[in-house]
Amino acid sequence: GSTVLPLQSTVASHTTALDGIADSISSMEDTIDSKADGSTVSTLQTTVASHTTSLAGIEDSIESLESDIETKADGSTVSTL
């Protein structure tokens, strides 16, 4: 008996300017898992991918960050980044 509540958001952007073109996509997912013993685990995962073509050249990047917060049944908290 656990309950999982996911929330996901994705944002995409495209910019064209005189000095180049920039594209980016960012995704955020937040999940809260309530377990039968009363403990909860909240996970936040963020990913950003970008591609830029400009007079200076081409640049690609992908960044990902995940953090977990676990609140145990006894009230103690464990955080992981």
Side-chain angles (χ1 to χ4, degrees):
S2 65
T3 303
V4 178
L5 303 171
L7 173 65
Q8 186 169 5
S9 173
T10 302
V11 177
S13 70
H14 176 82
T15 306
T16 304
L18 292 175
D19 61 345
I21 300 170
D23 294 301
S24 73
I25 299 173
S26 63
S27 175
M28 183 184 77
E29 184 174 350
D30 190 8
T31 305
I32 300 173
D33 185 1
S34 298
K35 297 182 178 181
D37 66 357
S39 63
T40 60
V41 178
S42 177
T43 302
L44 178 62
Q45 183 174 1
T46 305
T47 303
V48 177
S50 66
H51 175 82
T52 304
T53 304
S54 68
L55 298 174
I58 298 172
E59 181 180 336
D60 293 311
S61 69
I62 298 174
E63 300 174 24
S64 183
L65 172 67
E66 182 174 331
S67 61
D68 293 318
I69 300 174
E70 180 178 357
T71 304
K72 297 184 177 185
D74 65 1
S76 63
T77 303
V78 177
S79 299
T80 306
L81 180 60

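These numbers come from a predicted model, not from an experiment.
In this structure, CD in E70 is found 5.5 Å from NZ in K35, a value given to the nearest 0.5 Å. Atom CG of D33 and atom OG1 of T43 lie 8.0 Å apart (nearest 0.5 Å).
By the 4.5 Å side-chain criterion applied to Ile, Leu, Val, Met, Phe, Trp and Tyr, V48 is assigned to no cluster and stands alone.
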Next item on the list: Could you check S54 against D19 for side-chain hydrogen bond (donor to acceptor under 3.5 Å, both in side chains), going step by step and ending with a plain yes or no?
Entry: CA-CA 6 Å; S54 68; D19 61 345; over 6 Å; no
Note to self: Set out, in order, the CA-CA distance, both residues' side-chain angles and the distance that settles side-chain contact (heavy atoms from CB on, under 4.5 Å) for M28 and L44, then state yes or no.
What the structure shows: CA-CA 7 Å; M28 183 184 77; L44 178 62; 3.6 Å; yes
Next item on the list: List the steps, then state whether side-chain contact (heavy atoms from CB on, under 4.5 Å) holds for L65 with Q45.
Entry: CA-CA 6 Å; L65 172 67; Q45 183 174 1; over 6 Å; no
Next item on the list: Give the intermediate values and the outcome of side-chain hydrogen bond (donor to acceptor under 3.5 Å, both in side chains) for residues S61 and S50.
Entry: CA-CA 5 Å; S61 69; S50 66; 2.8 Å; yes
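Nearest heavy-atom pair across S42 and D30 is OG-OD1, 3.7 Å. The nearest pair of heavy atoms linking T47 to S64 is OG1-OG, 3.7 Å.
Residues that satisfy the side-chain hydrogen bond (donor to acceptor under 3.5 Å, both in side chains) test with D74, not counting sequence neighbours, are S76. The side-chain hydrogen bond (donor to acceptor under 3.5 Å, both in side chains) search around D23 returns H14, not counting sequence neighbours. Partners of I25 according to the side chain to side chain contact (heavy atoms under 4.5 Å, CB included) rule, which considers only residues two or more places apart in sequence or in another chain, are T10, A12. Applying the side-chain hydrogen bond (donor to acceptor under 3.5 Å, both in side chains) rule to T77 yields no partners; only residues at least two apart in sequence or on another chain are considered. In this view, T53 and H51 satisfy the side-chain hydrogen bond (donor to acceptor under 3.5 Å, both in side chains) rule, not counting sequence neighbours.
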